[in-house]
Amino acid sequence: MTQSASGPYPVRPIDENEIDGFISVDEHAFNTSPWSADDRRVALDRFEFDRTLAAFDDTTPVGVTMCYSFQLSVPGLQMLPAAGVTFVAVMPTYRRQGVLSSLMRRQLADVRDRGEPLAILWASEAVIYGRYGYGRASWHLDFTLRRGEGGLAGAPAGDGLRLRIAEPEAALPELAKVYDAVLASRPGMFGRNDAWWRSAIFDPAEQRHGASPLRCLLAEDASAPRGYALYAGVDTWTGFLPENVLTVRELMAADPAASAALCTDLLSRDLTTEFRLPHRPVDDPLLYQLADPRRTRPKLNDNLWVRIVDLPRALAGRRYSCPVDVVLEVRDEILPANAGRWRLSTTTAAPGGGLAASCVPASSPADLALDVTELGAAYLGGTRLGALTGSGLVAELRPGATRQLSAALTWDPAPWCPMVF
Ligand SMILES: CC(C)(COP(=O)(O)OP(=O)(O)OC[C@H]1O[C@@H](n2cnc3c(N)ncnc32)[C@H](O)[C@@H]1OP(=O)(O)O)[C@@H](O)C(=O)NCCC(=O)NCCS
């Protein structure tokens, strides 16, 4: 252990026989109904007991968290180990006594000890995690369209594509092929094993809130699946007027024609007056293929938060869009090994696209001064470093350094994490 976390209650991983107390903290903190047997099965399927942490008041857990061991796609077709922080909860009667802070500090020390360069999470509230060095690294858009607004203009032809409705479970091999193809090009996604796929299509009747079972629409040609949508509809009538609502849980397309084919079908479904597509990437092809994109009524939200845990490994582990050579003065109060001056300079063109870089300690004057939070925000190439300098969160010490680093960090396609974990 590199660091012991000081806090009001002792922190340690839980044993398997302490799982009920762990879940109870989560249920109380999130105001959920008691977990059903199915909820437990699907959650425990992916559980990593050795990566749990709980703060104990005597023998009772009063604050909890856990990490998943992910492989995360980062710019340049790279996959890096990343700790997926989850189940963050403190018993309501123990809030604001520093329980979360003690858990976060211990967890980050553990992640560093395991050699993972990154930690990632989804934030229930945007005010919680900046203080621990997590930055808003990707963004998503929620779309809502109404009947007649889903017409596409200028979408590429389907070249042999056909659509097929399938049972989600039976279609898992096809879904995984499409997902892996997208994962190979888009930063911000984590690799899914069988347990994650079971979770992706988990659809207990008591959580449908009146909707149909989860359905699957596949786009495929003679040789391979190229896209899929997992969706459900609510069958609603006002008198004799059909007013169904269709919600897409996940839409993944390996190419623009597959995206267009899926959206054309889904956004024109009969009887339906409202189409909801939450959590879409900010560069979703739909925004450019629709005849009237304003009709998506886009709502912007933060998506994945990134914490740089091992700075030189993280920065050398991704690729860069153009040449860069800068010295960074980095602040990191929680993981001091990251603090100090680092020289980031691109080296050679990398096989997967972009430029490789080295990141080594530096003694020359810094070009930019920033907190590790801002470096995490810019890391996946979705939050522009220039915007962070423009907001006063990054200090430019050499004129032009922001523009150079911002251009090098920015990445196409935009980072996106399709699944809350
Ligand atoms: C969010 C939560 C985990 C915080 O736990 P906690 O033990 O009360 O947090 P701490 O006492 O360690 O607080 C640390 C700091 O964060 C601040 N903070 C924590 N939660 C906050 C919140 N929801 N809103 C605003 N500030 C918050 C505290 O005020 C404190 O600030 P300070 O350091 O300036 O004094 C807890 O309130 C909770 O379980 N909430 C519901 C479940 C949830 O949202 N979990 C997060 C899932 S991503």
Side-chain angles (χ1 to χ4, degrees), residues 3-14 18-35 39 42-43 46-48 51-58 60-70 72 82-111 118-140 142 188 190 199 278-279 301-307 309 331-335 371-373 376-377 380 393 417-421:
Q3 184 182 340
S4 74
S6 62
Y9 301 98
V11 170
R12 62 165 172 82
I14 63 161
E18 291 167 323
I19 185 67
D20 289 344
F22 185 100
I23 291 173
S24 170
V25 178
D26 191 81
E27 288 172 352
H28 283 283
F30 284 95
N31 286 316
T32 62
S33 309
W35 288 21
D39 291 336
V42 169
R46 294 166 295 144
F47 221 70
E48 299 189 36
R51 305 205 68 181
T52 58
L53 286 175
F56 283 86
D57 185 355
D58 195 11
T60 307
V62 296
V64 298
T65 183
M66 194 186 79
C67 290
Y68 296 116
S69 304
F70 284 145
L72 182 75
V85 173
T86 186
F87 290 116
V88 176
V90 170
M91 207 67 168
T93 42
Y94 287 79
R95 287 174 310 129
R96 309 301 182 265
Q97 300 175 39
V99 173
L100 174 67
S101 290
S102 65
L103 289 167
M104 287 285 110
R105 285 173 177 273
R106 164 70 185 270
Q107 186 177 59
L108 284 170
D110 288 356
V111 171
L118 301 167
I120 55 173
L121 56 78
W122 283 75
S124 62
E125 295 193 86
V127 289
I128 301 173
Y129 293 103
R131 60 173 56 76
Y132 307 116
Y134 288 87
R136 274 170 287 193
S138 62
W139 304 82
H140 66 244
D142 296 334
F190 58 87
S199 165
H279 294 175
N301 270 302
D302 48 280
N303 184 253
L304 205 61
W305 292 60
V306 169
R307 208 304 176 184
V309 175
R331 295 180 298 275
D332 190 340
E333 285 166 12
I334 296 181
L335 296 174
D371 196 271
V372 74
T373 307
L380 290 178
L393 295 169
C417 186
M419 186 179 188
V420 181
F421 54 84

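Note that this is a predicted model, so its numbers are computed, not measured. Counting starts at 1 for both ligands and their atoms, following the listed order.
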Asker: Hey, are Thr373 and Tyr132 close enough side-chain-wise for a donor-acceptor pair under 3.5 Å?
Answerer: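 Not at all, the side chains of Tyr132 and Thr373 share no donor-acceptor pair under 3.5 Å.
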Asker: Using a 4.0 angstrom limit on heavy atoms, which residues are close to ligand 1?
Answerer: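 Ala29, Phe30, Val88, Ala89, Val90, Arg95, Arg96, Gln97, Gly98, Val99, Leu100, Ser101, Trp122, Ser124, Glu125, Val127, Ile128, Tyr129, Arg131, Tyr132.
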Asker: Mind checking what makes ring pair (Phe, Tyr, Trp, His ring centres under 6.0 Å) contact with Trp139, not counting sequence neighbours?
Answerer: none
Asker: When the ring planes of Phe22 and Phe87 are compared, do they come out parallel, tilted or perpendicular, using 30° and 60° as the limits?
Answerer: perpendicular
Asker: Using 30° and 60° as the class boundaries, would you call the ring planes of His140 and Trp122 parallel, tilted or perpendicular?
Answerer: tilted
Asker: Using only atom types and a distance under 3.5 Å, with no angle test, would you say the side chain of Arg106 pairs donor to acceptor with the backbone of Leu53?
Answerer: no
Asker: Is it the case that the ring center of Phe190 lies less than 6.0 angstrom away from the ring center of Tyr68?
Answerer: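 When the ring centroids of Tyr68 and Phe190 are compared, they turn out to be at least 6.0 Å apart.
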